[in-house]
Amino acid sequence: MPVAVTTQHNDNRRTGLNAREVLLRPETVRPATFGKLFSRAVDGHVYAQPLHLPCVEVPGAGRRPVVFVATMHNSVYAFDVADPAASAPLWRASLGPSCPLPDPQIGPRGYRDIEVEVGVVGTPVIDRERGVLYAVAFTKEGGEYHHALHALDVATGREVLGGPVRIAAEVPGDGEGSVGGRIAFTSSRQIQRAALTLANGLVYAAFAAYGDRRPYHGWVIAFDAATLRPAGAFVSTPHTGLGGIWQAGRGLGVDEEGCLYFMTGNGGFHSDGSDLGDCVVKLRPGLAVADWFSPFDNAALDAGDTDLGSSGPLLIPGTRRLLGGGKEGKFYLLDMDGLGHFHAGSDSQIPQSFLVVPPDGARHHIHGGAVYGDFAGSGPWVYVWPENAYLRAYRFRGALLDPAPVSTSTTVDPVGVPGGSPGMPGGFLSVSADGRDPASGLVWASHPYRADANQAVVEGVLRAYRATDLTQEVWNSTMNTARDDVGLFAKFTPPTIADGRVHLATFSGALHVYGLLP
């Protein structure tokens, strides 16, 4: 059955799993049989994960499999991915003028977390029933800064549903930047980094900051998916400040009841839950707080810029367990029916927490979060690739994780660096398999190659591992560099696997498409 990837990491549990991949297997993904099929030119850096629809009725072109790419130049492209000769886009939509960098209002002086320009940062989301792609664009027009929600017809790229609508919100609060007991959304201080989320008939957009330039807050703003009308707003730190929701690009998690889950970065925290910096937060669909958790060392995390929210939650399928972890390099396994709030001195109130890498003097930040695979005979595994470490997998036994990895990669680059990446941000993962067949599973990883991508644009590499034995790297893009070279690594962006193809964003002005060679 053809596969649609309509949201970041495949589904609202953020598993990163395509369990209907029948063509790509360890025996077919080899240097002689698998490689880059073609590239498609785009007009800027791509932070958003490519999305895929297997069958779109495109005027003048018929039914086509389409991949959608959003850029920092505020363009959204639709490409035909079945025809290697179809280099021109089926359509391209421009969402307004991007904000060139450096800019005096964007980030602190010397800001380099983003280079060139700011446009579409967060991954869009697609509503298949309506045939609409939603995207948030950041623009600078006449010296003014705006975020706008766009709704594009997937077949034509035309604006629909009355869009675009400029994003504005105001909530009660006396925290940083407040005026008269109200906090207003300020576009020049807020980055829309987390992937958009579609649930409960609403589109949710979450916001953090450019380089922690104050004043800012963590926002979640909801819009009616049918009309784009505002439908509610939440601020994480109404009485203090910061608490951004960035999650290295991961989207909000959504459970069966439509409740939302996310992780915040550094910021104000009160143990009564009135301010929720460095927390895991659960909101009801209408954006009222339902529950939350914060580690016992919240104050130390905040003081050390050790964001809990450098990754987003994985809602483990078939369970009421949530897994997350941040710059501390620690996994937190939580009960979604009682996240645990705050417990001074220890985290003994939650099911489990442990460091993913034993202390060794290096930093092991987790960016983006874990992904999931369930293979018959071996039980569910979760995969993560922290900074300065190897790719690793942990077995989930129904209530807890085995704290010792069940499998760890052994990839070492020519200068002896684990995985080829000596630092930030680690690897960004997706999993593909043919059902629960353990012989078919692959873990795909995109990461910087022999360089640290902290405030830098560096070369990248794409890798594929046997999912049940990470010591077996079956393919990588350096095995045949002339054919398969990635170019510049797209920071925080996982590959998209669908219908025998791997779609990889880059900072090289291109989307690469890999697959089985002719």
pair Asp347-Pro295: side-chain heavy atoms closer than 4.5 Å: yes
Residue pair Thr123, Gln8: steps toward the side chain to side chain donor-acceptor pair (under 3.5 Å) verdict: CA-CA 6 Å; Thr123 300; Gln8 191 266 353; 5.8 Å; no
Intermediate values then yes/no, side chain to side chain contact (heavy atoms under 4.5 Å, CB included), Val502 and Trp444: CA-CA 9 Å; Val502 179; Trp444 301 86; 3.8 Å; yes
Any donor-acceptor N or O pair under 3.5 Å, side chains Glu328, Tyr332: yes
Donor-acceptor pair between Tyr145 and Asp103 side chains, under 3.5 angstrom: yes
SB check Arg13 Glu256 (cutoff 4.0 Å): yes
Nearest-0.5 Å distance that lies between atom CD1 in Ile245 and atom CZ in Arg193: 14.0 Å
Test ring-ring contact (aromatic ring centres under 6.0 Å, His included) applied to His365 - qualifying residues, sequence neighbours left out: His367
Near-ring test Tyr394/Phe354, centroid separation under 6.0 angstrom: yes
From CA spacing to verdict: side chain to side chain donor-acceptor pair (under 3.5 Å), Tyr210, Asp113: CA-CA 8 Å; Tyr210 299 99; Asp113 289 339; over 6 Å; no
Donor on one side chain, acceptor on other, Ser346 and Ser348, under 3.5 Å: yes
From His52 atom NE2 to Asn18 atom CG, the distance as rounded to the nearest 0.5 Å: 10.0 Å
Pair Phe428 + Phe492: ring centers closer than 6.0 Å: yes
Salt-bridge contact Arg166-Glu141 (side-chain N to carboxylate O under 4.0 Å): yes
Ion pair check, Asp434 and Arg20, cut-off under 4.0 Å: no
Stepwise side chain to side chain contact (heavy atoms under 4.5 Å, CB included) test for Glu159 and His150: CA-CA 7 Å; Glu159 296 273 5; His150 297 256; 2.5 Å; yes
Note: Asp337-Arg320 ion pair, threshold 4.0 Å (strictly below): yes
Check: Phe375 and Arg436 side chains under 4.5 Å, non-hydrogen atoms: no
Backbone N/O of Gly243 and side chain of Ser236: donor-acceptor pair under 3.5 Å: yes
Gap separating the OH atom of Tyr134 from the CG atom of Leu196, nearest 0.5 angstrom: 10.5 Å
Backbone of Trp385 reached by a side-chain donor or acceptor of Arg392 within 3.5 Å: no
Side-chain donor/acceptor of Gln192 to backbone N/O of Ala194, under 3.5 Å: yes
Minimum-distance pair of heavy atoms, taken over all atoms of Asp374 and Pro380: OD1-N, 3.7 Å
Between Thr7 and Arg14: side-chain donor-acceptor atoms closer than 3.5 Å: yes
Steps toward side chain to side chain contact (heavy atoms under 4.5 Å, CB included) verdict (Val120, Val136): CA-CA 6 Å; Val120 179; Val136 169; over 6 Å; no
Note, Leu51 side chain near Thr6 side chain (heavy atom, < 4.5 Å): no
Asp212 side chain to Asn266 side chain, donor-acceptor N/O pair below 3.5 angstrom: no
Nearest-0.5 Å distance, CG of residue Leu323 to CG of residue Leu401: 5.5 Å
Asn200 side chain to Leu202 backbone, donor-acceptor under 3.5 Å: no
Donor on one side chain, acceptor on other, Asp278 and Ser294, under 3.5 Å: no
Criterion salt bridge (Lys or Arg N to Asp or Glu O under 4.0 Å) on Asp307 and Lys327, from CA distance to verdict: CA-CA 6 Å; Asp307 302 49; Lys327 289 183 181 178; 3.1 Å; yes
pair Leu17-Asn10: side-chain heavy atoms closer than 4.5 Å: no
Any donor-acceptor N/O pair, Asn298 side chain to Gly277 backbone, under 3.5 Å: yes
Main-chain N/O of Asp499 paired to Glu21 side chain as donor or acceptor, under 3.5 Å: yes
Any donor-acceptor N/O pair, Thr264 side chain to Cys279 backbone, under 3.5 Å: yes
Contact check, side chains of Val118 and Val121, non-hydrogen atoms, under 4.5 Å: yes
Residue pair Val132, Asp153: steps toward the side chain to side chain contact (heavy atoms under 4.5 Å, CB included) verdict: CA-CA 5 Å; Val132 172; Asp153 185 299; over 6 Å; no
Student check: side-chain heavy atoms of Trp292 and Tyr261 closer than 4.5 Å: no
Donor-acceptor contact below 3.5 Å, side chain Arg250 vs main chain Ala370: yes
Any Leu260 side-chain heavy atom under 4.5 Å of Leu287 side chain: yes
Rounded distance (nearest 0.5 Å) linking atom OG1 of Thr197 with atom CG of Leu252: 3.5 Å
Backbone of Gly340 reached by a side-chain donor or acceptor of Gln349 within 3.5 Å: yes
Centroid-centroid distance, Phe207 to His217, less than 6.0 Å: no
Whether Phe79 and Tyr77 hold their rings parallel, tilted or perpendicular, with breakpoints at 30° and 60°: parallel
Short side-chain donor-acceptor distance under 3.5 Å, Thr496 and Gln49: yes
Ion pair check, Asp174 and Arg182, cut-off under 4.0 Å: no
Any donor-acceptor pair under 3.5 Å from Trp91 side chain to Val76 backbone: no
Distance flag, aromatic centroids of Phe396 and Tyr372, threshold under 6.0 Å: no
Side chain to side chain, His503 and Leu511, heavy atoms closer than 4.5 Å: yes
Phe293 and Phe342 aromatic centres sub-6.0 Å: no
Test of ring centre spacing under 6.0 Å for His239 and His270: no
Rounded distance (nearest 0.5 Å) linking atom CZ of Phe296 with atom CG of Leu301: 8.5 Å
Pair His147, Ser187: side-chain N/O donor-acceptor within cut-off below 3.5 Å: yes
Those residues that, when tested against Asp291, pass side chain to side chain contact (heavy atoms under 4.5 Å, CB included) (two or more places apart): Lys282, Leu339, His341
Test log, rule side chain to side chain donor-acceptor pair (under 3.5 Å), inputs Asp275 and Thr240: CA-CA 7 Å; Asp275 285 85; Thr240 53; 2.9 Å; yes
